[in-house]
Amino acid sequence: MLKRASLLLLLLLGTGAFLAPAGSSPGAQEGRERGDIPTVMVITVESVIGPVSAEFITRKLEKAQRQGVEALVMELDTPGGLDTSMRSIIKEMNASTVPVAVYVAPPGARAASAGTFITIAAHVAAMAPRTNIGAAHPVAMGGKMDETMAEKVANDAAAYIRSLAESRGRNARWAEDAVRKSVSVTEEEALKNNVIDFVAPDVQSLLAQMDGMTVETAAGEKRLNTAGAHVVREEMGFRYKVLDFLSNPNVAYMLMILGFYGIFFEMVSPGTIFPGVVGAISLILAFYSLQTLPVNYAGLLLVLLAIVLFILETQVTSFGALTIGGIISMTIGSLMLFEAGPFFKLSLSVVVTAVALTAGFFTIVIGLIIKAHKARPSTGLEGLVGLRGKAVTDITPRGGQVNVHGEIWSTVSDEHIAKGEPVTVESANGLKLKVRKTST
């Protein structure tokens, strides 16, 4: 009996071991049950650094600190962005009690311009294979800078990135060269030059390499315990995706043009309602988009001037002068609207299409207006001018009667016209017509 009980106990233990999850140990299983396994939050930023991405990162950092996670990993892939948004993100990272690891990933990603600053400022910096970092020279926002201003901006950016690199123990000389000389390196070169801490093929590998590393947070030194951590991904929600979409310069421009057309159609055809509603919504969304972008106000004013000129063309007969002025103003204003480096410029094809459609539309409208002005009136006394009729009586300079358009009219003529002869109306004065003999 004792032998049978021993065999049964061994069998149960063996079955339990077989059913335990792969890679788990009794201690790890107990840790999960007690909630001792550390949690790492992972977020993904794959866009231009702007107000929307800055808000998203800030909110997730706040959530990470509330939940007390072990670390926050930011998977980053960006061509750069706004200096103000970048500095806002870095301020939040520096003030965070939760360590932030910036991971340039996936393969093929880059951390250029503003992305370089954010990576250098992270508590832990890492890159995936086949990625690059650098090219952080500042570009003009909203217009061209003169030589003195350009030097001031470059010096400010260089000093800022040098201070970030020195505070994290990274290569400050290379960081400054990334700003002043726009140098860019691969992940292996970055690791060799002490620009980053690790090269990792995936998040799990990064967490394993980070484990045991000591970093300086706003709450003091913290030793990372990330090996085998539970990974929680926080995706960019629908709201942020919509706001990020609206922050695209091309979308903002198209919404503005669509809003203009909607309001215009409502003005020329009051009571249509639908174009006015669509136009109003589009304009409100366009205003939101514009306040998230580095707008050149001279360009915006030129676009608004073009809209005013187009509307005036429908009210004042300028025979195309206002439309030509509107097209020129709209073209120049559109090209100037987001003159802020390579990330916030309008697509030339979008500008050409919008201007061409607007020009075509108003050319047709102006053509119809000119045609209407040249057309002979078809109603009232003016509509009788040019019509043919027949003399009902003899017509002299002293008077007579004529049948025009099925009606009998009093008439005069500078010549003698015999009864029954065809006549043509020359003018109308009150209820009396002036006619002339029609040559056959």
Quiz item: Which atoms form the tightest heavy-atom contact between P107 and T131, and what is the distance?
Solution: CA-CG2, 4.1 Å

Quiz prompt | Heavy-atom donor-acceptor pair, E75 side chain to Y103 backbone, under 3.5 Å | solution = no

Quiz item: Where the side chain of S205 meets the backbone of D202, is there a donor-acceptor pair that is under 3.5 Å apart?
Solution: no

Exercise. Work out which heavy atom in E235 is nearest to a heavy atom in F56; give both atom names and the distance.
Key: O-CE1, 3.9 Å

Exercise. Would you mind telling me which of R168, H123, Q209, R170 makes a side-chain hydrogen bond (donor to acceptor under 3.5 Å, both in side chains) with D197?
Key: R170

Quiz item: With a 4.5 Å heavy-atom cut-off, do L302 and S329 have their side chains touching?
Solution: yes

Self-check item: Charged N-O contact under 4.0 Å between D177 and R173
Solution: no

Practice problem: Nearest 0.5 Å please: distance from the CD1 atom of I49 over to the OG atom of S88. | Solution: 11.0 Å

Practice problem: Would you confirm whether T411, through its side chain, and L433, through its main-chain N or O, come within 3.5 Å as a donor-acceptor pair? | Solution: yes

Self-check item: Pairwise distance NZ(K63) to CD(E234) - rounded to 0.5 angstrom
Solution: 3.5 Å

Quiz item: At their closest point, which heavy atom of N225 faces which heavy atom of D211, and how far apart are they?
Solution: CA-OD1, 3.3 Å

Quiz item: Judged by modelled atom types alone, do Q65 and T97 share a side-chain donor-acceptor pair under 3.5 Å?
Solution: yes

Quiz item: Is the closest side-chain donor-acceptor distance between T393 and Q401 under 3.5 Å?
Solution: no

Quiz item: What are the two closest heavy atoms between V104 and A111, and how far apart are they?
Solution: CG2-CB, 3.7 Å

Quiz item: Quick check: does any side chain N or O of D156 sit under 3.5 Å from a backbone N or O of K152, one acting as donor and the other as acceptor?
Solution: no

Quiz item: What closest approach, in Å, do N193 and N171 show between heavy atoms, and which atom pair accounts for it?
Solution: O-ND2, 2.8 Å

Exercise. Give the minimum heavy-atom separation between V100 and A122, together with the two atoms involved.
Key: O-CB, 3.6 Å

Exercise. Indicate yes or no: does E92 engage K60 in a salt bridge with an N to O separation below 4.0 Å.
Key: no

